[in-house]
Structure formats: structure tokens, C-alpha cells
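Just below is one structure, and these are the notes that go with it.
Hydrogens, waters and symmetry mates are skipped; everything else that's a heavy atom, side chains included, is used. Worth saying up front: this structure is predicted, and the values here are computed from it rather than measured. Protein chains get the first letters and strands the later ones, always in sequence-line order, with residue 1 at the start of each.
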Amino acid sequence: MGYDEIMKLFLERGFLMPSCEIYSDALAGFWDYGPHGNTVKNRYVDLWRRELVRRDGMNEIDGSQVMSKKVFVASGHLESFVDPIVRCEKCGATHRADRLLQEATGKLVPERLPVEQLDQMILETGLKCPSCKGPLGKARRFNLMFRLGVGAADDDSYLRPETCQSIFVDFPRLFKVMRLKLPIGIAQFGKSFRNEIAPRQGVMRLREFYQAEIEVFFNPEKANNLDKYEELRDQTINLDLDGTLLQGVKCSEAFESKHVPNKLVAYYLALLHQFYDKAGLDMKRSRFRRLGGQEKAFYAEEAFDFEVETSLGWVELVACNYRTGYDLAAHAKVSGQDISVLDGDKKVVPHVFELSMGIDRSIYCIMEHAYAQEPERSVVKLRPDLAPITVGILPLVNKDGIPEFSKKIYNPLKTRYDVFYDESGSVGRRYRRLDEIGCPACITVDYQTLQDQTVTLRDRDSMKQIRIKSDQIETTLDKILRGEDLFKQ
RNA sequence: GCGGUCGUCGUCCAGUCUGGUCUAGGACAUCAGCCCUCCAAGCUGACGACCCGGGUUCAAAUCCCGGCGACCGCACCA
């Protein structure tokens with residue numbers, strides 16, 4: 001199913017809407033989650049907590065979104081999270097100054113060259129606009145961070161462009177007071193902000209977006225000394241190495257053939273593969289793509305993007321970056337604090353391997369993979385514990401005491417599950433509506449219920465029905481949420 | 001940011017070229033009622049829109065300008 005169908009479903013069924021929609025000056029790249037979208041997001045994050053954070057014994061924090069200027073001096077974002085651009089004075093086209101010069105001179109032009117030097121080079125080479133041969137204006141740096149003025153003094157600060165900087169600056173205290181030992185993962189779910197020049201494609205590129213980031217701190221001398229690696233050594237992943245796709249590579253093979261730098265990286269790639277499998281992605285359409293030198297972030301020594309294939313092409317869901325000691329060393333230098341920690345009896349500056357997950361796009365891709373257009377209906381085959389509604393309670397008819405009995409069933413379930421009570425229209429219509437938002441189960445109260453206290457339980461995917469005792473509803477729902485298939489014949 | 005295409009009920013479409021008959025029409029969806037013993041049935045009724053601002057005109061959904069947004073292409077994507 002395609003992007004248009006999914007976005008239509010999102011807009012029509014209360015998953016998502018453009019932020020500030022009713023105003024004419026609404027900005028691109030900002031979206032609000034509606035009730036169903038919000039529930040799916042919360043449930044997705046819960047899955048992330050269960051299957052990555054808790055499973056691996058990580059610590060989760062929640063840092064502030066506004067951070068001081070020096071954080072980004074240290075992180076390199078003030079200097080490097082920029083594009084040097086020049087604008088043509090005649091046709092108005094914007095170009096990357098460094099790339100233009102590189103093309104014209106054939107020499108390497110570092111991206112971080114001061115703008116004065118770029119201007120000088122443009123003057124010397126007599127560079128003109130490649131589109132219209134018009135004169136070029138002054139080069140300037142466009143920083144993708146949102147700047148804020150805090151307090152009456154209007155102190156420079158920034159909305160964080162990635163959640164992980166909170167983890168790095170909090171790390172020294174966390175390590176001490178939480179009695180942490182290397183290797184240790186610190187995780188965070190929250191908002192990040194990037195002033196994209198041209199946000200596109202709905203939630204795929206946002207200016208304000210959710211990330212779930214995991215920073216694994218480890219002793220670089222012990223990157224191959226990891227007991228839990230054995231648990232996942234046979235887990236297979238798909239690796240894309242410079243355009244060559246290796247499908248079904250065992251974690252152990254990936255390490256032994258040196259496709260990944262160490263056991264720790266192999267283990268976390270395998271763990272992430274398992275996570276998305278559980279989240280319901282079609283893993284046959286997934287890969288870890290090793291990034292070449294040009295593509296990597298400025299802080300990454302090795303990088304693998306976890307990507308899935310969708311109607312929009314391959315979409316990056318998680319950047320897996322081996323950041324080395326870059327971040328902690330930089331924060332140590334700029335802050336003047338000692339950020340090294342004790343590992344055994346040796347002081348080390350830990351290295352970092354990160355799993356930087358885009359939440360909004362993950363949810364989009366899971367929905368797209370789960371959406372099926374069947375001849376008679378649209379159905380989203382979400383795994384039950386990600387569904388916005390777990391169960392619908394439907395009286396078959398609106399008379400003879402059936403609604404009353406249905407409400408008796410509904411009321412005690414309300415506080416434990418996401419339940420939806422619906423008595424309007426035909427029962428078939430109500431099934432269809434719930435299918436379309438991914439609700440895995442419906443309970444229908446009929447005349448037999450009044451006789452023997454049984455209700456029908458209807459399965460979203462097969463549309464089959466079984467009868468269960470009404471006092472068995474909660475245990476049955478718990479089974480469904482655990483992923484048990486009660487409708488197999 | 002640039003270029004192209006476009007913007008009408010929740011959704012899809014008619015109306016725009018050729019200004020007035022548009023008090024903006026239809027279908028689907030939604031809501032209420034009737035009916036109703038399990039997969040979008042039927043009947044009755046209701047709710048509901050010209051993206052925003054300015055201009056031209058006796059008169060603007062319709063023509064012009066600007067803004068915002070969407071899509072496609074370019075560029076960008078730490």
C-alpha cells in the first residue's frame with residue numbers, strides 16, 4: 001500500500017493532523033498526533049522500553065529539550081551542523097558553496113572552511129551560478145538548529161537537534177550515582193528539533209520529531225568482551241555492504257568476517273533486528289546499510305543505517321553510529337570536567353555505540369507494512385499490543401437488554417484496556433471501522449449471551465469467531481496482547 | 001530555497017476556462033430516528049466547504065497580486 005493511502009487513513013481516522021491546521025500561516029514539518037496515533041506511539045515506545053531498554057538492562061532518562069550553547073560548541077553542532085550556502089543574485093537559486101568550488105577547482109574544499117575564505121575563493125575562481133551564470137552573493141552558514149533566547153538577557157541556547165546530547169552531559173553524574181558499570185546503555189525517548197530547509201513527505205521529515213536514542217558506553221579495549229553476545233550469535237540480519245546485499249547473515253558471521261567492527265556492534269544490530277521483527281515490520285524488506293565516508297555524520301567512525309523498504313523507497317529508521325570517544329572527549333574538553341570513568345582498576349573515556357531511532361517514521365513504516373487493502377475491506381494488521389484500540393464491545397442489536405448487558409461487560413474493562421463501545425449502525429459496519437484502525441478483537445453480545453453468558457470473539461485478520469465465557473474476557477484479552485493466536489484451526 | 005502543478009463539506013468529485021442563474025450541487029462518510037439475530041443493506045432527516053490576505057469589478061469559488069500549504073523535480077537530510 002502506498003503513501004497516499006496511509007496518509008489518508010491517518011488524517012481521516014484521527015492518527016495525525018498538520019499542526020495549526022486552521023491557520024493560514026501554519027508551517028510545514030510540524031504534525032500533531034490525534035488519539036489513535038498517540039496511543040500507537042505510546043504503545044510503540046512501550047515496546048521499545050520492554051524489548052530494548054529493559055531487556056538489555058539499560059537506564060532511561062528524560063532530558064530537557066533546551067540546552068546551552070556550550071553543549072553544541074562541544075558536540076560540534078554549532079560548527080558542523082551547517083550547510084555553507086551561496087545564493088545567486090540573478091536567479092535566486094541556492095547552492096552549496098563548498099560543492100560548487102570543489103567542482104570548479106577539482107580540489108578538496110572542506111565544508112567547515114570559514115565563509116570569508118569561501119568568498120575569497122569564489123572571487124579568485126570567478127565562479128558563477130551554475131544554473132544561469134549570474135553573479136553569486138556572499139556565502140553564509142545555514143545552521144539547522146533552532147536558536148532560542150532564554151530569559152531577559154536573551155542568552156543563546158538551542159533546541160536539541162538530537163536527544164543524545166542530554167545523555168552525554170548527564171553521563172558523569174549517572175555513572176556515579178546509579179553505580180553503573182561498563183558496558184552500559186543509557187536510553188532516552190523525546191523530542192528533537194531541526195530547522196529543515198524543505199520538510200517533505202508528512203512525518204518522514206519533520207522539524208519537530210520524536211527520537212528514541214540509546215547510547216551504549218563501553219571500554220574500547222573490551223568491545224569483543226561481551227557475554228550477552230552469545231545469546232544473539234545466531235540471530236540473522238540483512239547487511240548491505242557498499243551495494244552488496246547479504247541476506248540472513250548470522251550475527252556471529254557478521255563479526256567473524258569483519259563486516260562489523262566488533263562483537264558489541266554485532267550484538268546490538270541483532271537486538272535491533274529482533275525488536276523490529278516484534279514490532280511487526282516485514283523484515284525481508286529490511287537491511288543494515290553500511291555508510292561510506294561521505295554519508296557518515298561528522299562524529300561517526302562506522303555507521304550502519306537500519307532501513308526498510310516502503311512505497312517511498314528505502315527509509316532510514318535507525319542510525320547506528322559508532323561515535324568512538326568523540327562526544328565524551330569533546331564535552332570533557334569544553335566543560336573542563338573529567339569525564340573518564342573507572343572500568344575495573346583502569347580509568348577510561350568510554351566509547352559510544354548509538355542506536356538513534358526515528359519514532360515517527362518507524363510508526364509510519366509499521367503502519368504501511370501492516371495495511372492491507374482486501375476486496376471487501378481495509379484492514380491494518382498491527383500486532384495487538386500496538387493497536388490503538390485493543391477490543392471493541394458491540395451489542396448485536398439495540399434492544400431486549402443487549403446494550404445493558406454489553407455495558408456491564410464494558411465498564412470493568414475500561415480501566416485495564418483500550419476498549420471502544422459502539423452500538424451505532426449494523427454490526428458489520430462497526431467491524432469494518434475497527435478493522436481499519438487495527439483493532440485486533442471484537443466482542444459481540446447477542447441473544448445467546450443472555451442465555452448462557454457467552455460472547456462471540458471476532459478475530460480481525462481471519463474474521464473468524466469463537467464463543468468464550470464472559471468471565472474469561474480478561475484472560476483472553478491478555479492472551480491476545482501476548483500475541484497468542486486463538487483462531488488457529 | 002528554486003522551478004512546475006495544484007488548493008471547494010471529514011473524503012472524493014461537479015462548478016473556475018467564458019465573473020451574475022452558486023442561496024455552491026452530488027456521492028461516500030458521520031450524526032439522529034425507523035428497521036434489525038453477525039461482516040460497509042434499506043428508508044427519513046440532519047450536520048458540513050470555496051486555504052489566507054489584498055486588488056479589479058455594479059458583482060469574485062471563478063480574473064490579478066502576495067502569503068501559506070500539498071505534490072513532483074532540483075538542492076538539502078547532522
* **C1' atoms of B:G7 and B:A14, separation to the nearest Å** => 16 Å
* Is A:Lys464 near enough to B:C39 that one of its side-chain N or O atoms lies under 4.0 angstrom from OP1 or OP2? -> no
* Between B:C50 and B:A60, how far apart are the P atoms? Round to whole Å, please. => 16 Å
* Asked: Would you say the ring centroid of A:Tyr364 lies under 6.0 angstrom from that of A:Tyr44?
  -> no
* Look at all strands and tell whether A:Asn398 reaches a base, only sugar-phosphate, or nothing, counting heavy atoms closer than 4.0 Å. => base
* Just checking A:Ile402: base, sugar-phosphate only, or nothing, at a heavy-atom cut-off of under 4.0 Å? -> nothing
* Test log, rule salt bridge (charged side-chain N to carboxylate O under 4.0 Å, His left out), inputs A:Asp435 and A:Arg458 -> CA-CA 11 Å; A:Asp435 287 342; A:Arg458 181 239 188 213; 2.7 Å; yes
* What distance, rounded to whole Å, do you find between the two C1' atoms, one in B:A59 and one in B:G66? -> 23 Å
* **Pairwise P distance, B:A24 and B:C31 [rounded to whole Å]** => 25 Å
* **Integer angstrom distance from the C1' of B:C47 to that of B:C63** => 33 Å
* To do: Kindly assign one of parallel, tilted or perpendicular to the pair A:Phe15 and A:His36, based on the angle between their ring planes and the thresholds 30° and 60°.
  => tilted
* Look at the side-chain N and O atoms of A:Ser426 and state whether any lies under 4.0 Å from the OP1 or OP2 oxygen of B:A41. => yes
* To do: Report yes if the distance between the aromatic ring centroids of A:Phe171 and A:Phe217 is under 6.0 Å, otherwise no.
  => yes
* **Test item: A:Ser470 side-chain N/O and A:Gln453 main-chain N/O as donor-acceptor pair under 3.5 Å** => yes
* To do: Using only side-chain N and O atoms of A:Tyr3, determine if any of them is under 4.0 Å from OP1 or OP2 of B:C71.
  => yes
* **Between B:G73 (P) and A:Leu312 (CG): distance, integer Å** => 11 Å
* **Identified stems (criterion: three or more consecutive Watson-Crick or G-U pairs, under 3.5 Å), RNA chain B** => B:1-7 with B:68-74, B:10-13 with B:25-28, B:30-34 with B:42-46, B:51-55 with B:63-67
* Asked: What interatomic distance, in whole Å, is found between C1' of B:G48 and the corresponding atom of B:C65?
  -> 31 Å
* Asked: So what does A:Gln448 touch, heavy atoms closer than 4.0 Å: a base, only the sugar-phosphate, or nothing?
  -> nothing
* Given B:C76, B:C38, B:U30, the nucleotide with the shortest approach to the side chain of A:Arg205 -> B:C76
* Structure fact -> Closest to the side chain of A:Glu196, out of B:U37, B:C77, B:G69, is B:C77
* Structure fact -> Regarding the side chain of A:Val427, the nearest nucleotide among B:A41, B:C39, B:C38 is B:C38
* Asked: Among A:Arg377, A:Arg460, A:Arg13, whose salt bridge (charged side-chain N to carboxylate O under 4.0 Å, His left out) with A:Glu436 holds?
  -> A:Arg13
* **Between B:C77 (P) and A:Glu208 (CD): distance, integer Å** => 22 Å
* To do: Calculate the interatomic distance between A:Leu27 atom CG and B:C68 atom P; express it in whole Å.
  => 9 Å
* Asked: How long is the line joining CG of A:Asn321 and C1' of B:C77, in whole Å?
  -> 14 Å
* Asked: Under the 3.5 Å rule, do the base of B:C68 and the side chain of A:Tyr23 count as making a donor-acceptor pair?
  -> no
* Asked: Counting side-chain heavy atoms from CB outward, which of B:C36, B:G69, B:C38 is closest to A:Ala28?
  -> B:G69
* Which nucleotide in the set B:C39, B:C38, B:C36 lies at the smallest distance from any side-chain heavy atom of A:Met463? -> B:C39
* Return the nearest nucleotide to the side chain of A:Ser424; candidates are B:C38, B:C31, B:C76. => B:C31
* To do: Pick out which of A:Gln337, A:Lys70, A:Gln165 makes a side-chain hydrogen bond (donor to acceptor under 3.5 Å, both in side chains) with A:His331.
  => A:Gln165
* Is there side-chain contact between A:Met67 and A:Ser166, with at least one heavy-atom pair below 4.5 Å? -> yes
* Does the ring pair (Phe, Tyr, Trp, His ring centres under 6.0 Å) test come out yes or no for A:His351 and A:Tyr322, once each step is laid out? -> CA-CA 8 Å; A:His351 275 203; A:Tyr322 182 20; 5.7 Å; yes
* Asked: Taking CG from A:Asp459 and P from B:C39, how many angstroms apart are they, rounded to a whole number?
  -> 16 Å
* Asked: For B:A40, does OP1 or OP2 lie under 4.0 Å from any side-chain N or O of A:Arg429?
  -> no
* To do: Could you tell me whether the side chain of A:Glu5 reaches within less than 4.5 Å of the side chain of A:Tyr3, counting heavy atoms only?
  => no
* **Sugar-phosphate, base or nothing in reach of A:Leu396, heavy atoms under 4.0 Å** => base
* Structure fact -> Within residues 5-22 of chain A, the residues having a heavy atom closer than 4.0 Å to RNA chain B are A:Lys8, A:Glu12
* To do: In whole angstrom, give me the gap between the C1' atoms of B:C38 and B:G33.
  => 23 Å
* Asked: In whole angstroms, how far is the P atom of B:C39 from the CG atom of A:Asp446?
  -> 12 Å
* **Distance, rounded to the nearest Å, where A:Arg458 contributes CZ and B:C38 contributes C1'** => 9 Å
* To do: Select base, sugar-phosphate, or nothing to describe what A:Gln465 touches, counting heavy atoms under 4.0 Å on all strands.
  => base
* Given the P atoms of B:C72 and B:U18, what is the spacing between them in whole Å? -> 31 Å
* Does A:Arg433 put a side-chain nitrogen or oxygen below 4.0 Å from OP1 or OP2 of B:C39? -> no
* Asked: Can you say whether the rings of A:Phe306 and A:Tyr276 are parallel (under 30°), tilted (30 to 60°) or perpendicular (over 60°)?
  -> parallel
* Asked: Between B:A32 atom P and A:Asp422 atom CG, what is the distance in whole Å?
  -> 10 Å
* Between A:Tyr158 and A:Phe72, how do the two ring planes meet: parallel, tilted or perpendicular, split at 30° and 60°? -> perpendicular
